[in-house]
Amino acid sequence: MSPSFAPLPASVDLPAVEQEILERWDKRDVFRRSLEQTAQGEPWIFYEGPPTANGTPGTHHVEARAFKDLFPRFKTMRGYHVPRRAGWDCHGLPVELAVEKELGFTSKGDIERYGIAEFNAACRESALRNVSAFAAMTERMGYWVDLDEAYMTMAPRYVESVWWSLKTIFDKGLLVEDHRVTPYCPRDETPLSDHEVAQGYEDDVDPSVYVRFPLTDGPWAGASMLVWTTTPWTLPSNTAVAVERSVVYVRVHHDGEDLVLAEDLVGTVLGEQSTVEARLTGADLIGSHYTRPFDLLAADRFGDAFRIVHGDHVTTDAGTGLVHMAPAFGAEDHLVAKNEGLEMVNPIGSNGHFLADVPLVGGMFFKAADPTLIEDLIARGVMFRAESYEHSYPHCWRCHTPLIYYALPSWFIRTTAIREKLLAENEGTNWYPPHIKHGRYGAWLENNVDWALSRKRYWGTPLPIWRNDADPSEVVVVGSLAELGQHAGQDLTELDPHRPYVDDITFPAPSGTGTMRRVPDVIDVWYDSGAMPFAQWGAPHHHEADFEQAYPAQYICEAIDQTRGWFYSLMAVGTLVFDRSSYENVVCLGLLLDEHGRKMSKHLGNILDPFELFSTHGADAVRWLMLAQGSPWVDRRVGHETLREIVRKVLLTYWNTASFLVTYANAAGWSPSADAPEPTHVMDRWALGELQGCVSEVTAALDDFDSSRAGRAIVAFIDDLSNWYVRRSRRRFWDGDPAALATLHRCVETVSRLMAPFTPFATDYLWTLLQGEGGSGLPEGTPDSVHLAPWPSISDLPDDDGGLRSAMDLVRRVVELGRSTRAASGVRTRQPLSRAVVSAPGFASLDAELLAEIAEELNVARVETAGSELVQLDVKPNYRALGKRFGKQTPTVADAVKASTDAPVDGVLTVTVDGAPVELSGDEIVISETPREGWAVRSEGGLSVGLDTELTDELREAGLLRDVLRFVQDARKRLGFEVSDRIELWWTAGRADTAAAIRNGADTLATECLAVSISEGEGPAELSAQPSEDLGLTIRARVA
RNA sequence: GGGCCCAUAGCUCAGUUGGUUAGAGCGCGUCGCUGAUAACGACGAGGUCGAUGGUUCAAAUCCAUCUGGGCCCA
């Protein structure tokens, strides 16, 4: 008969096991079957946020992917249907830049010369190349997601869906053309994305100037506003001065002139010696006119300008509270200008130089004009003060040229029009951690600005807008290639909807005159990913029903840097197109740091290669770190040391417990059966109670998306199981006790299912092995993978055995204290003692079985309740209870309790407080014991354990026998015997007491070390002699 | 400059609604235990719970300010 279980050595190569499991999943098609099996289940929809395929995967990608895998696996085991489709973000500047680097390009000119078709082909190739690296990482880490049907944002169907959605938005009147102030590199002549700007800040020394703006009318005509700016080059474009309505402004007399500025800033700007002559609020000043600092540009270009307006962005944190406005060069200025109907006057060309016809600074690079302008202001007496200061200013991250904020025509989605709707959708969204909802994300939504969609680039979804070259106001937005074909009068359904091919499609204007040509922009790559709920299906042109069924998602998960990225674009696109957000629950992860707490970056060279981590420690260990180590919401450190600890502490403890079970189950010929008897042994009942607690804790935690709480519960259980249940139950396993084997089997089997979503490899290996795979075989109807098994349910387990878990806690605390007592008394545990006495609340109610556990663990013959010979009663105050009753008097009462020398009578203690007797009872006092002298006693937290350390001859001999036994067991191990081998044993002893102990305890010795014979004498000479100097003993042994 | 988050032992992290001796693991030292374990147990060294102020009978916990770190944004 084959053993029930395949052999399971304690030592294991986890990465090798993972390879085996990967092959098995592939061969058995487990992922697909897990979806089929749940096909009738309630859908639980997950959306994969597409990683940008612009480089090789890093360890931080493993983090998000571990979470993307965990909850779908969990929900699948609970019977939900969780379709999972991979996706790849293929477009965008990151891809373009990677290709430019490969090709050695430095500017858009290089690309145009190379050819857009060729360049985009290279981008496509680059994206595909990196996709395969991501796919390999995805598979290796055990992230189950359908890679074969992955959506790609560059696929024609995907692009067509995006077009359709943009047309929908256009039809709602929310897609409009406008000017936008963007960060712009004047050397490369391109606008930059926010992401690029963020990595290009450099420290600069810039001017800091206070300029007089004399008021010509209004309440304070004649006085000069003090206006502060750090960009003198924008002063020729000055259009207005912004104030904040509610801020108090003052007119002060200073050095013979009248100046105007915010009251809060008088001290900072002018010092103490100035007299305030009048006060007004910003609202009173709005509408006043002033003389502008330069008239290098014709005044009529500005229209109704040079007046005071309101600006939300004005603060009194810095400057003067009077803000110079140059709408062509500042996003906020631009916004205010739009509301105020101010013109945008821009004297700077696209190359960053002042236009040649501008007096004084014509032809100068914008920043280089600062000194000239400052000099002129000083010469004309307009300058109040000129200083310089150091601050960080954005530079082009490629050529280090200072950026200019520059207004360019661009297409916008008017998200501000649906701001309230977005806020409402956010209210209905569950964020993990919750603070993101109204913090980082919500606060940002509140300040939503229109979505600048255009990119003056090449590799992206082309903006599907065709415009009449004869009449720019006539535009057609196209929702599909078929639609475009209809306009153009040809079949374009097979056209590649990318540049330059779509650029070539023109058609006569519907109005009759002119030709419709595509607006050359491509769109922001974030829009692509935000459109994935429908675009992954090609909906509505294809799979409309599939899309409907899978919208919105119940679950998405990314790292926190996606707050304004995908989390926003997904919610915004959904709300724009379908009037509702695309997701209900969103898990937002912290970032990964290296072992020293620094952010991982290629620049620092502290990137960890995920494949290397997988082959060194195993994907299970890396996943466990991501999912359960520390708080996923908070930044965390990743390093080899942590991973080694996880392997040892979590995975190997789990593995070895299973290995132990298999060893003894096979030795006993035991196999699991459905009709196992009800557990009766106290250890079994306890273990199953703990298991039940673990199942309910892990389930609740995962329902709440709290993987680390679930992980802690699992680790605690595994530790209890291995280091208490197994440790205390070893003898029953040696004896092949079916109840113990059944209990342990159940615990390991169940915890395997709980862990399966975390560590899918080791759990699958062990779970199927414990079902009989490789041994007696899987029973009919048993899934051939843990991932096809149902989630454990509490109702499958026996009821928590009333109070047993807390009773066992007490037992373990008593044992702990007993060991401590042993250590303090210097009597080692192997030496049996006659009795231990215990004093502890609740100890009296422990039943005999539990007392036996204590006795055995402490190696004493009896455990007794301590009387007054061991301890004296002590009364301590319980502050929590006293505080409720006595409030401010609490310390006084507490002192009275501590000072009390009386013992409580029937649990009631009477103390005198302020001359009056006060009765304390119940939980107001804590009765504890302190040990008396003369015993080996230790006390802690109200518990005391004492040991009777008197040694009789009998006890001494028993101790000696244990030493002999220990020595024989050691020898068995040295000689390489199997744990179940029966042996023949010969011995000679030079010490009389050792000899006596062996002679008197031969039966015990034989049973304990599985000896079929114990003979006094040298034994066969060919066997190696095993001597012990301490015991004066030499033995020989062989397998019987 | 703004918003948000974080700060507990050398390291990684727990710490429920505020309750008086702040815990665990790793690492280190000593001792012990071992018939699964790369284990396990006891003891020890190691903490002004980032700082200051406040609320309270009572603060690691609540509030304010500050410092340091991080992310996002200007």
Side-chain angles (χ1 to χ4, degrees), chain A residues 8-12 194 197-198 201 313 315 317-318 330-332 391-392 394 405 433 435-436 438-444 446-447 559-561 563-565 590-591 593 595 597-599 625 629-631 633-637 639 641-642 644-645 647-649 652-653 655-664 708-709 712 715-716 719 722-724 726-727 730-731 733-734 815-824 826 828-830 857 859 876-884 886-894 938 940-941 965-966 968-970 972-973 977-980 1008-1010:
Chain A
L8 185 61
S11 73
V12 56
D194 296 347
V197 174
Y201 278 85
H313 62 294
T315 67
D317 296 340
E332 282 156 333
H391 67 153
S392 69
Y405 283 81
H435 64 79
I436 308 276
H438 294 123
R440 181 180 286 227
Y441 188 72
W444 180 69
E446 295 272 358
N447 297 310
I560 194 166
D561 54 359
T563 313
R564 294 173 193 203
L591 299 166
L593 309 174
E595 263 172 313
R598 292 173 310 179
K599 189 187 169 182
L625 184 152
Q629 186 80 6
S631 213
W633 330 127
V634 181
D635 296 353
R636 291 174 299 165
R637 299 183 185 198
E641 202 43 59
T642 316
R644 271 190 286 273
E645 193 180 326
V647 169
R648 276 208 320 269
K649 196 74 194 150
L652 289 181
T653 306
W655 188 279
N656 287 319
T657 305
S659 164
F660 176 88
L661 168 64
V662 165
T663 304
Y664 289 101
S708 86
R709 195 179 117 208
R712 279 197 298 275
V715 173
D719 189 66
S722 167
N723 290 321
W724 185 249
V726 171
R727 175 190 166 81
R730 275 178 298 201
R731 186 167 296 273
F733 288 99
W734 304 337
V815 165
E816 206 170 287
L817 206 52
R819 287 190 191 122
S820 172
T821 312
R822 276 257 183 197
R828 56 192 180 165
T829 312
R830 220 181 299 145
E857 188 67 18
N859 196 18
K876 283 184 181 168
N878 177 7
Y879 285 90
R880 189 193 280 267
L882 290 179
K884 280 194 191 123
F886 295 102
K888 286 194 186 214
Q889 266 197 306
T890 305
T892 321
V893 179
R938 306 264 304 191
E940 192 183 272
L965 176 60
R966 161 88 204 286
V968 174
Q969 301 290 24
D970 236 23
R972 282 185 61 120
K973 215 171 188 176
F977 300 165
E978 294 296 320
V979 291
S980 54
E1008 292 292 312
C1009 69
L1010 303 183

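Side chains are part of it too, since the values below use all heavy atoms of this structure and drop only hydrogens, waters and symmetry mates. Below, read A as the first sequence line, B as the second, and so on, with proteins coming before strands; counting in each chain starts at 1.
Look at CG on A:Leu625: it is 12 Å from P on B:rU12, rounded to the nearest Å. Put simply, CD on A:Glu857 is 11 Å from P on B:rG41, counting in whole angstrom units. In this structure, A:Lys649 atom NZ and B:rA39 atom P are separated by 9 Å, rounded to whole Å. Here the P atom of nucleotide B:rG70 and the CD1 atom of A:Ile436 are 18 Å apart, to the nearest Å. A straight line from CD of A:Glu645 to C1' of B:rU12 spans 7 Å, rounded to a whole angstrom. Taking atom CD of A:Gln889 as the reference point, atom P of B:rA58 lies 14 Å away to the nearest angstrom. In this entry the distance linking NZ of A:Lys888 with C1' of B:rA58 reads 12 Å, nearest Å. A:Trp444 has its CH2 atom 10 Å from the P atom of B:rA74, to the nearest Å.
A search for side-chain hydrogen bond (donor to acceptor under 3.5 Å, both in side chains) contacts involving A:Asp970 returns nothing, not counting sequence neighbours. For A:Phe886, the ring-ring contact (aromatic ring centres under 6.0 Å, His included) criterion is met by no residue, not counting sequence neighbours.
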Would you tabulate the pairs of protein nitrogen or oxygen atoms and nucleotide nitrogen or oxygen atoms of nucleotides 33-37 of chain B closer than 3.5 angstrom?
from   : atom 1 : to        : atom 2 : distance (Å)
B:rC33 : OP1    : A:Arg830  : NE     : 3.3
B:rC33 : OP1    : A:Arg830  : NH2    : 3.2
B:rC33 : OP2    : A:Arg830  : NH2    : 2.7
B:rU34 : OP2    : A:Arg830  : NE     : 3.2
B:rG35 : O2'    : A:Trp734  : NE1    : 3.1
B:rG35 : N7     : A:Gln969  : NE2    : 2.7
B:rG35 : N7     : A:Glu1008 : O      : 2.9
B:rG35 : O6     : A:Glu1008 : O      : 2.5
B:rA36 : N6     : A:Ser722  : O      : 2.8
B:rA36 : N1     : A:Ser722  : OG     : 3.3
B:rA36 : N3     : A:Asn656  : O      : 3.2
B:rU37 : O2'    : A:Asn656  : ND2    : 3.0

Between N or O atoms, less than 3.5 Å apart, protein on one side and nucleotides 27-31 of chain B on the other: list the pairs.
none

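Shortest non-hydrogen contact noted between A:Gly883 and A:Thr890 is CA-OG1, 3.4 Å. Closest approach of A:Ala559 and A:Gly590 over heavy atoms only: CB-O, 4.5 Å. The two residues A:Thr653 and A:Arg648 make their nearest non-hydrogen contact at OG1-O, 3.2 Å.
Using modelled atom types, one side-chain atom of A:Trp655 and one backbone atom of A:Pro9 make a donor-acceptor pair closer than 3.5 Å.
Comparing the C1' positions of B:rG3 and B:rC49 gives an interatomic distance of 27 Å, to the nearest angstrom. B:rG2 sits 35 Å from B:rG47 when the C1' atoms are compared, rounded to a whole Å. Rounded to the nearest Å, the gap between the P atom of B:rG54 and that of B:rA60 is 15 Å. To the nearest whole angstrom, the two C1' atoms, one in B:rA51 and one in B:rA59, are 15 Å apart. On the C1' atoms, B:rA42 is 24 Å away from B:rC13, given to the nearest whole Å.
Atom-to-atom distance recorded for A:Leu882:CG and A:Arg880:CZ is 12.5 Å, nearest 0.5 angstrom. If you take CG on A:Leu625 and CD on A:Glu645, they are separated by 10.0 Å, rounding to the nearest 0.5 Å. Atom CG in A:Asn656 sits 8.5 Å away from atom CG in A:Leu8 (nearest 0.5 Å).
Under the 30°/60° scheme for interplanar angles, the aromatic rings of A:Tyr664 and A:Phe733 are found to be tilted.
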key: Pairing pattern in dot-bracket form [Watson-Crick, G-U; both distances under 3.5 Å; | = partner strand] for RNA chain B   = (((((((..((((.....[...)))).(((((.......))))).....(((((..]....)))))))))))).
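At a threshold of 4.0 Å, the pair A:Glu1008-A:Arg731 counts as salt-bridged, since one of the basic side-chain nitrogens sits closer than that to a carboxylate oxygen.
Applying the 3.5 Å distance criterion, the base of B:rC71 shares a donor-acceptor pair with the side chain of A:Arg440.
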key: Reading 5' to 3' through nucleotides 13-19 of chain B, protein heavy-atom contacts under 4.0 Å coded B for base, S for sugar-phosphate only, - for none   = SS--B-B
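Under the 4.5 Å side-chain criterion, counting only non-hydrogen atoms from C-beta, A:Ile560 is in contact with A:Ile436.
Counting non-hydrogen atoms under 4.0 angstrom, A:Val662 reaches nothing in the nucleic acid.
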